[in-house]
Amino acid sequence: MKLPIFFKNRMTEFSLSVIFVIGFLALVLTSNGVFLSRASLQGFLTYLAVPIAIGLAQMVVLCIGQMNLAVGTMGGVSCAIMAVLMADHNLPIWLAIFIGLFSATAMGAINGALVVLTQLNGFIITLGTYTILLGFQYRLVKTFTIDKYPSSLPEFGKRNILGFPYILVVAIITAILLSLFFSRTIIGRRVLATGGNPLAARLSGVSNNRSIFIAHTLSGLLIGVASVITIASLPGINRSIGGDWLLASFAAPIIGGVLMSGGTIAIYGTVIAAGVVRLVDIARAQYSLDPSIVSLSVGVVTLSTVALSEWRRRRTERQNEGMKELI
Amino acid sequence: SSSGDSAGSADGFGAIKVALVPGGAHPYFQPWKDGGAAAVAEFGVGGTEFNETGEWDQTKHNAAIDAMAAQGYNAFGVFGVSPTDINTTFAGLKAKGFAVGSLASCPGGYDIVKEPQKNSADFCLSTDTGKAAYLAATAVIKEMGGKGNLVHLTGNAVDANTIRRMDGVKQAIAETGGKVKLLTTITDIDSDLQSATKAVTDLLAAKGKQINGIVTTAYNPAVAATDGVSSTKLPIKVIAIDDDQKILDAIKSGVISGTVVQNPWGQGYVGSWVLSALGSKKCTMNTPGLYVDSGSFLVTKDNVDTYNDTRQATSKEILAAFQNEYMTCK
Amino acid sequence: MKFKKIFNDQRVVLTLLTIALFIFFGLRNSAFFNVDFVIYPLLRDGATLTVIGLAQLCVLSIGHLNLAVGRMAAVSALVAGASYQYWGLTLVQGAILGVLAGALLGAITGWIIVKSQVNAFIVTLAMDFALLGLVTFIYVTFTGATAAFTTKPAGMDYWRSKSLADFCLGPICGPKALPMMLVPAIFCLILVSFMFSKTRLGRELLSTGSNLRAAKLSGIPVENRVMTAHIFSGTLAGIGGLMLAYTNGSFTAAIGSQVMLPSFLGPVLGGTLLAGGAVAVLGTFIGTMMTLVIRQGLSVQGIGLETLNIALGLVLLLALSVGQIQKMFTSIKLRGKK
Amino acid sequence: MSNQLLISKVSKAFPGVQALNEVNLNLTSGTVHALLGENGAGKSTLIKIITGVYLADSGSLKVEGVEKSFHNPIESTHSGIAVVHQERNLIPEFSVEENITLHNPPLKLGIIDRKERTRLAKQALETLGFEIDLTERVKNLSVAQMQLVEIAKALVTNAKIILLDEPTASITGSETSKLFDVIKRLKSQGNAILFVSHKLEEVYEICDTVTVLRDGVSVLESMPLADYKQGEIVDLMVGRHLAERKAETRRVDRNATPVIELKNLQTSLGHRNISLSLYPGEVLGMYGLVGAGRSELARSILGLHAITGGEILVNGSVVKIRNFTEALHKYRIGYVTENRKEEGLFLDFPVRKNISVTILAKILQRLSVINPKKEDDIATKYVDRLGIKVVDNNQLALTLSGGNQQKVSVSKWLAAETKILIIDEPTVGVDVRTKASFHELITELANEGLSIILISSDLAEMVAVADRILVMRRYEFVGDLDNSKDYQSMSRSIMNSIQAS
Ligand SMILES: Nc1ncnc2c1ncn2[C@@H]1O[C@H](COP(=O)(O)OP(=O)(O)OP(=O)(O)O)[C@@H](O)[C@H]1O
Ligand SMILES: Nc1ncnc2c1ncn2[C@@H]1O[C@H](COP(=O)(O)OP(=O)(O)OP(=O)(O)O)[C@@H](O)[C@H]1O
Ligand SMILES: [Mg+2]
Ligand SMILES: [Mg+2]
C-alpha cells in the first residue's frame, strides 16, 4: 500500500531521472569520454545552478496557482544593483550580495502585496512589475557591461569541491531547505494548503492572503539566490541578463510535474528537469548542432519525457484511476 | 537631445530636426548621440534626438518612428530591426515627404550596391557587415598562422546582416585554400550574456583543444569569448567586434588579439548633415538610395590608442565625399 | 441599481479608462491626436494584437494556454510568403493557405494534448521550440542571404497603408483614422464573440473550461472540444501572423516572436479567466488598445527608454487598480444597503 | 447545564435573499441540539456566522456568556468551536493524516512532528472506528471517506462546542452509528453539539433539543425534542401539514428484454462477476457500505474505467460504451453523480446553464445558436418541478444552498429525458419534503417507462422506492432481493446478506 503511493506521486520524477541518466550516458559514450573531463562536467554543472534556482522561484508561485512573469527582470535588476554597488560605489562583496538578495526579496514582497491589496490576478501584477523593472534595469546599467568589481566573485563562481562548483552546491542546498520548508514548517504547509483549495484552507484557519504574500516573497528570495549565482558565473553584468529566464523558469517545474492549478510542488522534479534541459545545451556544443535542430530536439525531448511519465502514471494508477484530467 | 544655435540659420538646417532611431538599445549605437550633437554644433542642424524605444521589435520600432514624426521631427536616420521590412517603413516616411537615411545597415532582400534604386531611403550609410566580418576573419587567420580550426560566434541566424557576416567569414576561410577549417558557427547567442557565456563554456569544454581561433561578430558572444579564453587559458586567438571598454582592455592586456570596430559616430555625424541637407532641399542625391560604406577598422595592441582619430578622419572624408561626389547642392 | 451594474462591468470600466488616458495624453501633447502618426497606426497595431489576443482567448476558454501562438503566426506567414514567392499565388489564395497552415498546427497541438494527456503548457511550449527550429531552418535554407520572403503580392500594401477613407460607398467614405486592418479584426471579434455567447459550441467550450469533470459527465465531448479550441487558436494566430507580415512588409522568422506576453495581456485585462470558463471577447480589444494607448501616449510625450517602461508599468497597474478599487467600492455600497 | 452558545436576533441577507431573520438559538453544554429546516432555510448560513465565515448583519453571539463577533474562522477556532461544514473542505493533494491535523499540526522545535501527527490522526480515526489509509492522498478517496476525514478533522481539535452540518449526509448506517457513539461520549463529557440533518430518524435517535428554521426565521427555538412528534416537526419545517404517503409495491414486467444487462462483468478496479438486468420501467436499487464500489461500477459501465471482462447489453444487443457522450446520445443513458461539487455542477455558471448543458442539442435554432427563450423555459420547468430555491434562473450555482445544488445537478439529467438513468445518492443533503417529492418523482418517471438504477446508502430510501435491491460489498454483489417495501424486514435481510458473505 505504501510503496505504490510513493511511486504514484513521483512518476514524473522517476521517468525524468531515467531520461536524464540515459541522456548523460549517451553523451559520455558519443563524446568518447570528453564529457567526463573535468572542464566539461564543470561547465555542465556550473550553468545548471541558475535554471534550478529560477525554476524553484517559479515553482513556489505556481504552487499557489499563480505565476511570476517578472522572474527575468527581477533577476536582472538585482544583478545590476549588485554590480553597480560593487563597481561604482565599491561596496564589499558580502554587503553587495546581501543587498542583492534583499532587493530581490523586496521585489517579490511588493508583487505579493500588490496581488493581495488589488486582488488582481498575479499574472497581471507581475506583468506590470516586469515592465517597471525592465525600465529600472536599463536605468542601472544602460547598454554597458559592468565588470569592474572584485574578481574574487567570478573566481568563487569557478571554484568547486570534488568537481562540484560551489554555486551548484548553493543551488542544491537552497532546494533542500525549500523542500524542508514545504514539508515540515507550518507556514510551508499553509502556503500549499492555499494552493490546493483556498476555500478549505480559509475555513481551516489559513490566511490565504498571507500565503500569497509569502509565496511571492519567497519567489523573490530564490530569484535573489539565482542572481548571486549569475553574477558569480558571468564575466560581467549588462541589461541582457535575465532575458532568457522566463520560459526556463516555467519549463523546469512544469516538466518536473508541478500543476499550474496550484497545490503541488516537485522540487526534485524541478532540479532533474533543469538537468535534462541542460543536457541539450551540451549536446548542442558536442555535436555542433544547428540551433534550429536544438530547438526541435528540445521540443521533442520535452514531449517524450512527459508523455512517457504520463503513460507510466496511468499504468500504475489503474487501481484507483481517477478522472482523466486534461489540465 | 541638443538643439541648433540659429533656428532659421542661412542654409535652413535650423528647420531640420533629425530623429536617430536605432532598432533598440545596444552599445553599438550610443556614439550616434555624440555624432549627432557634433553635427548640430558644427552645422547648426535644428536638433537631433536619439530614440531607442524600438526594443528590437519591428512593430514597436515603427511606433517609435511614428511617435517622433508626430512630435515634429522631419528627418530620419534609422537602423531597421528587420532589414527586409524597413524599406516599407522608409517608403511610408518618404511618402510623407521626410528625408530618410538608412544608418548602420541597409534594407535587405536585394544587392544594395547593384540596385540602389530599390532602396526607399535617400541613402544608406553603413558598415559593410560582410566586409567587416571578412576583415576580422582574415585578421584572426593571420594570428593563427594561416592554418587550423576557426569558430564563428554570431547573432540571430535569420537576420540578413548575420548571414552577410557568415558569408564574409566563409570567404576569408575559402581564401586559405583549405588550410583553415570552419569548425562550427554558433548563432543566436547574442540575445543575452548568460546564453553566450554558457555556449562558449560548453564549446571550449567540448572542443577547446581543437580550436585555434575564434571570430565573434556580435556583442555578447564577444564579451563571453574574451572571458572564456582568458579563464580557460587555452591558446586560442580571438578577434572580437566593436569597442566596448571591456574588449579594449582585453586587447591591451593581450587576452585577445584585436577587434573590428565600425563607425557609429561617423554615421551619426555624417548622417545628420546629409539628412539636413536633403531635408532643407539644399542638396539632392545624385543616385537616390546610394550605398556608402561608413568604414570598419581592425584594432590591435598597436593602434588601440590611435584608432579613434583614424576613424574621425575617415568620417570627415566620407562627409566630404557626400558634399562633393554623391550630392549636388545649390 | 442598473447604473451600478453597468459600472460593475469590467469592459465599461476599461473603456472609460482607455478613453480617459487617450484624452489625458492628448491634452498633455496635442501631437497625440495626430491621425497619420498616432491614431491610425495605433488602431492598426491594435487590430493585429487583438486578433492574436483572440487566438489566446480561445484556449483560455477551456483553461489551456498557447505559448506557441507567436510561432504559429510565424508559420502561416511563412507559408503565405512562400506561396507568393514561389507559386505566385494571389494575395487571397496565399492568405487562405497561410491560415489553413495555422489551423493545421492548432489541430496537431490539440491532438497531442488529447492523446498524451499532457499539460497544454508543456505541449505548446514544446511546439513553440519545434516551430522555432522549423521556421529558422526553412528561412535559412531556402531564402539565402535575405532570410525572408520579400515578394509582395498585388494589394498587400493596400492593407498596410489604406484606411476606410479609401473605401467608399458612392459619395460617403469611411474616416481616415480607421485602418483597413480593422476590418479583419472586427470580423474576428464578431465571429468569436458570437460563437462564445450564442452557439452550442461556445457553450460547450466554456463548460469544458469551467469544470472538466462535470462537462465530461454531462456528455460533452471534451476531447473534441479541446481540439476545437486549439484549432481556433491556430487559425486566429495564423490570421494575426498575416496581418503582422502585411503591416511590416515582408515574411520573416521574426514575425510573432514578440507577441507571447501581449497575447495574454489583452484577454486577461479584458476579464478572461486564466482558469477557463469565462471569456471577454470585446474586452480583449479594449485591453489591447489600453496598453497601446499608454505606451504610445508616453512615447509621444518624448519619454525615453529609461523612463518609458517604468511609466508604462506604473500606469498599467494604476489604471487596473483604479478599476478594482471602484469595484470594491460598489460592492461595499451594495452590502451597506442591506 | 451552562449555556455554551447563545445566539439572539441574528440576521443575514445575501443579494436577493434574507437568509436569516432574527434567529435565536441557545446551545447548552452536555446536550445535542438539532438544527432543522428545509433546503435553503438558513442552517449553513447560521453555522457560517457562528464560525466567522460570514459576518452577521445584526444580532449578537455569546460564547460561555461572553459577547463575541468572529471576523474569520481562526478566531472561532481559538474560542473552542469546531465545525464540520456541509461542503467538504479538504486539501486534495494532502494526505489523510495531514488533513486531519490541518488546524494545528503538532510541532517539535518549530517544525512539524510527523510521528506525533500520525499518532493524533490514527487516534482520531480509531476513536471514530473508521479505517482509512493515513498516507493516502485525499483526492483518491471516495466521497464518503472524505466525509469521515472531515469529521475526524473536527474532533481532533477537542473543542467544547462542536457544529456538525449534515455530517451523515453521505455516509452509511454503520459509520453513522459509530459517529453517534462518539457524539454520545462527547456529550457525556459536557460538550455542546449542534447537529444538522435531514434524516429525522437520526435526529430523534441522538438529539435532545431542537431549533427549526423556516425561510430564515426560527419557528421553533431550543425546545426539548421529546415534546414533538416527527410529523409536527416536519409540519413546522414545511409550514403546512405534509401527508404521510404509503409506499405501494409496483409491478415490473420481468419477461421483457432488459434495457440494460450486465453479464459477469469485470473492471480494472476489481469488480468481479457483476451480473444484473434492468427491465423497462424498473427501479433497481444498489445498496452497499462505503467504498463498496457502486459508483465506480456505474462509471465503469459508462466507459470511465476499463472493462476487463464480461459484456454489457443494451436492449438485448452487446455494446461497447466508450464515454458519456456516447452513453447520452447513442444509448440514452444518464448518470447523476454523487459528487455534485466536483462533477455535477458548473459552480460559476448560472442555474439556467447548469440545467441546459445536457440538452443543448434540443434548444437550438438556426446556425446551432442556442435559443435563450427555450433554455430559460426548460430551466424554469425543472426549478418549479423540483422546487429549487433560487432568486432567478441566473443565480450562480455557487450561491445555492447545498440541497438546492443537489436538485440542480439532478435536474439536468431529468431534462435530458434519457431512457436509462443511473442516480447516485440523489437525496444527499435534501430536505424531507423534497426527498419525498424526489421519491414520488422517481416512481413517476419509472411509471412513464424510464428505467432507473438507484445507488443509495440510505436504507429507508432504498426500501421506499426500489423495486429490487442489489447489495454490493467489496466490488461484488452479495445479495439480490425483491423489495417488500417493509423497512424492518428489508433492512434485516440486507444486513444479513452483507454479514453472510
Ligand atoms: N454566498 C451566498 N450568496 C448568495 N446567497 C446565498 C449564499 N449562501 C447562501 N445563500 C442563500 O441563503 C439561503 C440559505 O442558504 P443555506 O445554505 O444556509 O441553506 P441550508 O439551510 O444550509 O440549506 P441546505 O439544507 O440545502 O444546506 C439560500 O436561499 C441560499 O441560496
Ligand atoms: N478501505 C478502503 N481504503 C481506501 N479506499 C477505499 C477503501 N474502500 C474503498 N475505497 C475507495 O472507495 C472508492 C470506491 O467507492 P465508490 O464510491 O465506488 O463506492 P460506493 O459504493 O459508491 O460507496 P461510496 O460512494 O458511498 O463511497 C474507490 O475510490 C476506492 O479506492
Ligand atoms: Mg446547508
Ligand atoms: Mg458512491
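Chain letters run A, B, ... following the sequence lines, proteins first and then strands; every chain starts at 1.
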*Report the option among D:Leu328, D:Val357, D:Leu347 that has the most heavy-atom pairs separated by less than 4.5 Å from atoms of chain C.*
D:Val357
*Near C:Phe187 CZ, under 6.0 Å, is it more than 12 heavy atoms from other residues, nucleotides or ligands?*
no
*Choice from D:Val369, D:Leu302, D:Asn339, D:Asp348 maximising heavy atom contacts with chain C below 4.5 Å*: D:Val369
*What residue in D:His329, D:Glu326, D:Lys353 has the most heavy-atom pairs under 4.5 Å with chain C?*
D:Lys353
*Selection from D:Leu367, D:Thr337, D:Leu345, D:Asn323 maximising heavy-atom pairs under 4.5 Å formed with chain C*: D:Leu345
*Which answer fits D:Ala416, side chain, backbone, both or neither, if we ask what part of it has an atom under 4.5 Å from a heavy atom of chain C?*
neither
*Tell me, side chain or backbone of C:Ala215 under 4.5 Å from chain D's heavy atoms, or both, or neither?*
both
*Give, as side chain, backbone, both or neither, the part of D:Ser356 having an atom under 4.5 angstrom from any heavy atom of chain C.*
side chain
*Above 12 or not: heavy atoms from other molecules or residues under 6.0 Å from NZ of D:Lys419?*
no
_Contacting moiety of D:Lys341, where chain C heavy atoms sit under 4.5 Å_ = backbone
*Run the numbers on C:Arg225 and C:Leu201 for side-chain contact (heavy atoms from CB on, under 4.5 Å), then give the verdict.*
CA-CA 8 Å; C:Arg225 287 303 152 260; C:Leu201 183 58; 3.5 Å; yes
*Would you call D:Gln406 and D:Val410 a side-chain contact if the rule is heavy atoms closer than 4.5 Å?*
yes
*Using modelled atom types only, decide if a donor and an acceptor are shared between the side chain of D:Gln86 and the backbone of D:Ser44 within a distance under 3.5 Å.*
no
*Under the criterion side-chain hydrogen bond (donor to acceptor under 3.5 Å, both in side chains), which of D:Ser295, D:Ser409, D:Ser142, D:Ser456 is the partner of D:Glu338?*
D:Ser295
*What part of D:Phe349 gets closer than 4.5 Å to chain C, counting heavy atoms only: side chain, backbone, both or neither?*
side chain
*Return the orientation label for the D:Phe14 and D:Tyr54 ring planes: parallel under 30°, perpendicular over 60°, tilted otherwise.*
perpendicular
